[in-house]
Amino acid sequence: MANITPSGKSDNRTKEESKETSALVVSFGELLIDFVPTVNGISLVEAPAFKKAPGGAPANVAVAISRLGGSSAFIGKVGADEFGYMLADILKQNSVDTTGMRFDSNARTALAFVTLRADGEREFLFFRNPSADMLLHESEIDKNLIKQAKILHYGSISLIDEPCRSAHLAALRIAKDSGCILSYDPNLRLALWPSAESAREGIMSIWDQADVIKINEDEITFLTGGDDPYDDNVVLEKLFHPNLKLLIVTEGSEGCRYYTKDFRGRVAGVKVKPVDTTGAGDAFVGGFIYSIASDQNILKEEKRLREALHFANVCGAITVTDRGAIPSLPTKEAVLQFMLEATTI
């Protein structure tokens, strides 16, 4: 049976052939365990039980890409403990290359308790004192893996503490020297930073290096010191830098905005009933990176960019209909089926 591309066109490649033509994406950063309450709209103390789920934004993106049929790898550190081994196995089960993973026998795998409010939005309580992901050293980076990649994706949490910060900066240098596209999702988690000022400074310290940046409205307000996140001039004057190929602003169920040097616009969102928004942004990013890993010209052609962003919106929408991040990430078949059904309603 023919495959259907994100643009709706069919092709006859098998999944493995598709992986070969889809450039390798390496995700760098944290991998942890999310504990999600089984009941929405209550505090952590009131939660009767928690469901454990693998998480960590860069790892979520790696799985999202692979589950869609792309080629992905993960670089990061977990504890040499049962949770760390479980997380590595989950990545392997999802066809993510784990040769860049490292295990620390002196620190535990990070944990995060995630409170779900009645509207599906989240609040976080982290256990990292320090956790293994914070202890990745520059000497432990798999440089050859990065050199094989076409895209390096990363967040900002790995910039908070040493030695991981230096390892992160080294990974960026290797990727840049190798001609990689640098994809940045700051993924602001204010509770993890020493202060709001240090968070803003840290996030912006590598801003000018990225080729593709994805942010949301709250992050715009935070990074600009309170400016209107819906004002195009604010985005273009304060956040769009000269080397940037694409800036994406996600707005949850409302869709997303996009800005390039040559064009800008909005792609409408997809309406679903949210259960848990954990991982929705990562599913969106994974869906979009999957598309540009297959064809970088998407960044230059507005029609194809809009198609890729719609595909990414659907990835995010499907993910919020179940609990946990990685368990809820869709396959390509699920995304295309959703798009097909949406057009026939």
Side-chain angles (χ1 to χ4, degrees), residues 3-11 18 21-25 27 61 64-65 68-72 149-154 179-186 207 209-217 219-220 229-237 239-270 280-319 330 332 335-336 338-340 342-343:
N3 294 321
I4 307 297
T5 66
S7 63
K9 297 175 182 177
S10 66
D11 64 33
S18 178
T21 58
S22 181
L24 175 63
V25 180
S27 290
V61 169
I65 292 165
L68 290 168
S71 178
S72 71
K150 198 63 187 174
I151 300 171
L152 179 71
H153 177 74
Y154 50 91
C180 279
I181 291 174
L182 301 186
S183 167
Y184 185 23
D185 176 3
W207 196 264
Q209 296 185 49
D211 299 297
V212 176
I213 297 176
K214 174 260 172 193
I215 48 174
N216 61 34
E217 310 110 292
E219 288 163 348
I220 293 174
Y230 302 101
D231 187 336
D232 285 347
N233 291 327
V234 167
V235 175
L236 290 168
E237 290 171 13
L239 297 176
F240 197 94
H241 66 76
N243 299 320
L244 195 56
K245 293 182 172 69
L246 174 67
L247 177 64
I248 303 169
V249 179
T250 53
E251 299 177 357
S253 62
E254 298 302 311
C256 62
R257 285 174 277 156
Y258 58 89
Y259 302 83
T260 75
K261 290 188 181 75
D262 301 316
F263 46 77
R264 67 191 193 204
R266 172 187 292 275
V267 177
V270 179
D282 303 327
F284 174 95
V285 172
F288 183 71
I289 293 178
Y290 162 76
S291 294
I292 61 173
S294 302
D295 185 2
Q296 293 171 43
N297 287 327
I298 285 170
L299 296 173
K300 302 172 185 174
E301 299 177 27
E302 187 170 12
K303 181 177 182 293
R304 296 169 73 188
L305 174 62
R306 292 181 62 85
E307 290 170 348
L309 290 172
H310 174 63
F311 182 84
N313 279 341
V314 173
C315 290
I318 292 174
T319 301
K332 187 176 180 180
V335 176
L336 298 174
F338 186 102
M339 292 167 71
L340 181 63
T343 60

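Only heavy atoms go into these numbers, but all of them, side chains included; no hydrogens, no water, no symmetry mates.
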Engineer: Taking the side chain as every heavy atom from C-beta outward, state whether Y230 and R257 have any pair of such atoms under 4.5 Å apart.
Structural biologist: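 Side chain of Y230 against side chain of R257, heavy atoms only: contact under 4.5 Å found.
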Engineer: Between Y154 and L182, is the side chain to side chain contact (heavy atoms under 4.5 Å, CB included) condition met? List the steps.
Structural biologist: CA-CA 8 Å; Y154 50 91; L182 301 186; 3.5 Å; yes
Engineer: Quick check: closest heavy atoms across C315 and T319, and the distance to 0.1 Å?
Structural biologist: O-OG1, 2.9 Å
Engineer: Under a 4.5 Å cut-off applied to non-hydrogen side-chain atoms, are V270 and H310 in contact?
Structural biologist: yes
Engineer: Rounded to the nearest 0.5 Å, how far does CD1 of I292 lie from NZ of K150?
Structural biologist: 11.0 Å
Engineer: First locate atom NZ of K300, then atom CG of L305, and finally report the distance between them rounded to the nearest 0.5 Å.
Structural biologist: 13.0 Å
Engineer: List the atom of E217, the atom of P229, and the distance in Å for their closest heavy-atom pair.
Structural biologist: O-CB, 3.4 Å
Engineer: Treating H153 as the side-chain partner and S183 as the backbone partner, does any N or O pair qualify as donor plus acceptor under 3.5 Å?
Structural biologist: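 Yes; judged by distance alone, with no hydrogens or angles, the pair exists.
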Engineer: Rounded to the nearest 0.5 Å, what separates atom NE2 in H241 from atom CD1 in I213?
Structural biologist: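 Here the rounded value is 4.5 Å.
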Engineer: Do the side chains of Y259 and L239 get nearer than 4.5 Å, heavy atoms only?
Structural biologist: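 SC-SC contact between L239 and Y259 ruled out.
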Engineer: Do F284 and L309 come close enough that some side-chain heavy atom pair is under 4.5 Å?
Structural biologist: yes
Engineer: At what distance, to the nearest 0.5 angstrom, does OG of S27 lie from CD1 of I65?
Structural biologist: 5.0 Å
Engineer: Tell me the closest heavy-atom pair linking A283 and A64, and the distance in Å.
Structural biologist: CA-CB, 4.4 Å
Engineer: Taking all non-hydrogen atoms of both residues, which atom of I298 and which atom of S291 are closest, and how far apart?
Structural biologist: CD1-O, 3.4 Å
Engineer: Is the NZ atom of K261 crowded by more than 12 outside heavy atoms at less than 6.0 Å?
Structural biologist: yes
Engineer: What's the spacing between R264 CZ and Y258 OH if we round to 0.5 Å?
Structural biologist: 10.5 Å
Engineer: So L299 and T260, do their side chains get closer than 4.5 Å, heavy atoms only?
Structural biologist: no
Engineer: Any side-chain heavy-atom pair from P186 and W207 closer than 4.5 angstrom?
Structural biologist: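 They are in side-chain contact.
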Engineer: Closest heavy-atom contact between F288 and L246?
Structural biologist: CZ-CD2, 3.3 Å
Engineer: Where do A149 and C180 come nearest, in terms of heavy atoms and distance?
Structural biologist: O-SG, 3.2 Å
Engineer: Answer whether the closest heavy-atom distance between the side chains of I151 and D211 falls below 4.5 Å.
Structural biologist: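 The answer is no, as the side chains (C-beta and beyond) never meet within the 4.5 Å cut-off.
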Engineer: Indicate yes or no for a side-chain donor-acceptor contact from N313 to the backbone of A268 under 3.5 Å, with no hydrogens or angles considered.
Structural biologist: yes
Engineer: Measure the shortest side-chain to side-chain distance between L336 and F311 over non-hydrogen atoms and say whether it is less than 4.5 angstrom.
Structural biologist: yes
Engineer: Any Lys/Arg nitrogen of E302 or R306 sitting under 4.0 Å from an Asp/Glu carboxylate oxygen of the other?
Structural biologist: no
Engineer: How long is the gap from SG on C256 to CG on N216, to the nearest 0.5 Å?
Structural biologist: 12.5 Å
